[in-house]
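Here is the structure we will look at.
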Amino acid sequence: MAGTTVQPTSRTRSWWGWGWADAHPDDAECVAMGALLPGTLARPLPVPRVADLDIAGPAVTPPPSLVHLVSDDPADRAAHAMGKAYRDVARALRGRPGRIPDLVARPTDEQGVADLLDWAGDREVAVVPYGGGSSVSGGVEYRGDAHRAVLSLDLTAMGRVLEVDTEGRAARVQAGALGPGLEDQLRPHLLTLRHFPQSFEFSTLGGWLATRAGGHYATGHTHIDDFVQSLRVVTPAGTSSSWRLPASGAGPSPDRLFLGSEGALGVITEAWVRLQERPRHKASAAVTFTDFQDALRAVRALAQSDLSPANCRLLDAGEAALAGAAGGDRSVLVLGFESSDEPVARRLERAVRLALSYGGRRDGAPSGGARGGPSDGTPNGVQGGDAAVRAWRSAFLRMPYLRDGLARMGAVAETFETAATWDRIPGLIEAVRTEVGAAALKATGHPATVNCRLTHVYPDGAAPYFTVLAAGRAGDEVALWDDLKAVASEVLHRHRATITHHHAVGRDHRPGYDLQRPEPFALALRAAKRALDPRGILNPGVLVD
């Protein structure tokens, strides 16, 4: 049974920053935020305009057979030039977005993708696959000048749910489906993919697959990998179509080759994905700690229990204060449970008791126990009750817009994430806070804020997520952030923590990824790249050279 195509919203996406153009802080709010961070500008940088960019005409012209799929509109091209990382926003604010693609193509079917790849290969045109454009690691931009021209291959015109197997709880979905449109098409079947990254509103199924994206949920199925039954991938060497299976032990998985490949090996066009019943029961609570080490021990105990909370997010005192969830002297553990078939209040209370046994304190009354409230892509189990939980939810959704407002004030405001085993977590967090903070102070002359939260937890480790707020250097904000990120990456490598838990490698994380991966695997990956993309046109610079 097929779904229907969801009509796009009339709101306008920001070409230079996060999300919707009408949701960004105004000048007064930017100034108010900047006043809280020493060393920022007196007035915000103006919102950048495409009209102020020097955009040359396209270096190539598509053939008549493809011209209906291709746009050379300057605003369209500028909107596809970068992702949404801090360094992208800072470059746009200074009028330096980098190399703007010559053309933007929007194929409507798999044959169109194949035809565009054939043409691009013949003309030495680099092809950068593009979903929602929410990359924060340099994954959707072209760097360098080795190719004659650059084509941004936008998959969002391929956004339909093509089949739904209600008995097997699975769906065949085109890769360009944006998060809200995908869930809207599944809702009549009372099913959900239940994958809600913070970029849910502005990212696609294909983007999630190509980057091995992590969702909101803290335990269980944390990554999109867990939902994949099969993939269809168009490569310059042909189309790869794996069998739809519940499980298989038949050699190395073909799907695993393309999951996380970031468009360097092929263009993901479809996937069969596993679905779940929509949750009807939700409950949440917050527990505070005066000692962050006690909080870490509590979270580890929860991760190693059989409780499987949907949300188990630990905010250190600084992060809790930034979110308005506490006053700056306590860490906050946000707990949430949900189920499609039974109340979850007892599981929540068991989790709260476990956290209290490690020195936590219960503030307020738990929320939830609700029925009939299907998951809609927002953090789960937040329907009233704890003020701390409500404050965290609001900050979670608003934070990317506030980051862009701080960037307009010349500040560095960015995040990065990692994962490590439990034995390394305390030392890793302390080293990042200390060394990144010291580097920022040395570079700017002003103290920086380096906060931490745990976003995903496992029996054997956790994923720390860091927020860095620092004074900028006027006109040199990108170089400053690159220097701070290099310090952070060195700390991660020294502690054997991954360069990224769920933000992908892209181009920004290449140095760390090159150090992390085993060399025999790198040899195999380069061989796969040569075999599948012999002309080297697919997203050059990501993963391998």
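Salt bridge absent: E124 and R148 never bring a charged side-chain N and a carboxylate O closer than 4.0 Å. Ion pairing between a basic and an acidic side chain is recognised when a charged N comes within 4.0 Å of a carboxylate O; D184 and R187 show such pairing. Note on E201 versus K84: no salt bridge recorded, every NZ/NE/NH1/NH2 to OD/OE distance being 4.0 Å or above. The residues D508 and R143 are annotated as salt-bridged, a charged nitrogen and a carboxylate oxygen being separated by less than 4.0 angstrom. Ionic pairing of R94 and E477 is present here: one or more N-O contacts between side-chain nitrogen and carboxylate oxygen are shorter than 4.0 angstrom.
Looking only at distances, a side-chain donor or acceptor of E414 sits under 3.5 Å from a matching main-chain atom of Y86. In this structure a side-chain-to-backbone donor-acceptor pair under 3.5 Å is present from H223 to H501. Remark: side-chain polar atoms of R194 are not paired, donor with acceptor, to backbone N or O of G215 under 3.5 angstrom. No donor-acceptor distance shorter than 3.5 angstrom exists from the side chain of E490 to the backbone of A486, with no hydrogens or angles considered. The backbone N or O of L45 lies less than 3.5 Å from a partner atom in the side chain of R408, making a donor-acceptor pair. The main-chain N or O of M399 is never found under 3.5 Å from a side-chain atom of R403 such that the two would form a donor-acceptor pair. Side-chain atoms of H147 do not come within 3.5 Å of backbone N or O of V127 as any donor-acceptor pair. A donor-acceptor pair under 3.5 Å is formed between the side chain of R517 and the backbone N or O of L543. Side-chain atoms of E319 never come within 3.5 Å of backbone atoms of R453 as a donor-acceptor pair (strictly under, hydrogens ignored). Between the side chain of H509 and the main chain of A504, a donor-acceptor pair closer than 3.5 Å is present.
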Exercise for review: Would you please test D482 and K485 for salt bridge (charged side-chain N to carboxylate O under 4.0 Å, His left out) and show each step?
Suggested key: CA-CA 5 Å; D482 287 347; K485 186 64 179 287; over 6 Å; no
Review point. Should V128 and E141 be marked as a side chain to side chain contact (heavy atoms under 4.5 Å, CB included) after you check the CA-CA gap, both sets of side-chain angles, and the distance that decides it?
Key: CA-CA 7 Å; V128 180; E141 67 176 273; over 6 Å; no
**Study point:** Trace of the side chain to side chain contact (heavy atoms under 4.5 Å, CB included) decision for L182 with H195
**Key:** CA-CA 11 Å; L182 171 57; H195 182 78; over 6 Å; no
Exercise for review: Report the C-alpha separation of L162 and Q174 in whole Å, then their side-chain angles, then the decisive distance to 0.1 Å, and conclude whether the side chain to side chain contact (heavy atoms under 4.5 Å, CB included) test is met.
Suggested key: CA-CA 7 Å; L162 300 174; Q174 290 181 310; 3.8 Å; yes
Point to revise | F200 vs H216, side chain to side chain contact (heavy atoms under 4.5 Å, CB included): CA-CA, chis, key distance, verdict | key: CA-CA 9 Å; F200 171 77; H216 164 73; over 6 Å; no
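Across all non-hydrogen atoms, the minimal contact from Y217 to H456 is O-CD2, 3.2 Å. Contact record, V332 with A320: CG2-CB, 3.8 Å, taken as the closest heavy-atom pair. Closest approach of W208 to S203, counting heavy atoms only: NE1-OG, 2.7 Å. The minimum heavy-atom distance linking P25 with L402 is given by the pair CG-CD2, 4.2 Å. The shortest heavy-atom contact between T40 and A411 is CG2-CB, 3.9 Å. Closest of all the heavy-atom pairs between P464 and L454 is CA-CD2, 3.7 Å.
Side-chain atoms of T156 and D154 include a donor-acceptor pair closer than 3.5 Å. For the residue pair T500 / E417, a side-chain donor-acceptor distance below 3.5 Å is found, with atom types taken as modelled.
Inter-residue side-chain proximity for V273 and V173 is flagged as met; some heavy-atom pair is nearer than 4.5 Å. Counting heavy atoms from C-beta outward, Y465 and H503 have side chains that approach closer than 4.5 Å. No side-chain heavy atom of L209 sits under 4.5 Å from any side-chain heavy atom of D255. Counting heavy atoms from C-beta on, the side chains of S152 and Y142 never come closer than 4.5 Å. Side-chain contact between T455 and Q198: absent, with no pair of heavy atoms (C-beta onward) separated by less than 4.5 Å. With a 4.5 Å cut-off on side-chain heavy atoms, L538 and P236 count as touching. Side-chain contact between V478 and R96 is absent, with no heavy-atom pair separated by less than 4.5 Å. I268 places none of its side-chain heavy atoms less than 4.5 Å from the side chain of L205.
Contacts classified as salt bridge (charged side-chain N to carboxylate O under 4.0 Å, His left out) and involving residues 41-62 (residues at least two apart or in different chains) are given here: R49-D52. Counting only residues at least two apart or in different chains, side chain to side chain donor-acceptor pair (under 3.5 Å) contacts with residues 530-545 comprise D122-R535, R507-N539, R510-D545, K529-D533.
Atom CG of D102 and atom CZ of R99 lie 6.0 Å apart (nearest 0.5 Å). Atom CD of E270 and atom CZ of R232 lie 6.0 Å apart (nearest 0.5 Å). One distance of note links CD1 of I224 with NE2 of H502; it measures 13.5 Å at 0.5 Å rounding. Atom CG of residue L469 and atom CG of residue L322 lie 6.0 Å apart, to the nearest 0.5 angstrom. Between the CE atom in M33 and the CG atom in L37 there is a gap of 10.5 Å [rounded to 0.5 Å]. In this structure, F258 CZ and L231 CG are separated by 8.5 Å, a value rounded to the nearest 0.5 Å.
Crowding of R13 atom CZ: a count of heavy atoms from other residues, nucleotides or ligands under 6.0 Å exceeding 12. Within 6.0 Å of atom CZ in R172, more than 12 heavy atoms from other residues, nucleotides or ligands are found, so the atom counts as buried in its surroundings.
The six-membered or imidazole ring of W20 lies away from that of Y401, with a centre-to-centre distance of 6.0 Å or more.
No option in D316, N451, T449 other than D316 meets the side-chain hydrogen bond (donor to acceptor under 3.5 Å, both in side chains) test with R433.
Listed by chain and residue number, T498, I499 satisfy the side chain to side chain contact (heavy atoms under 4.5 Å, CB included) test with Q516 (two or more places apart in sequence, or in another chain).
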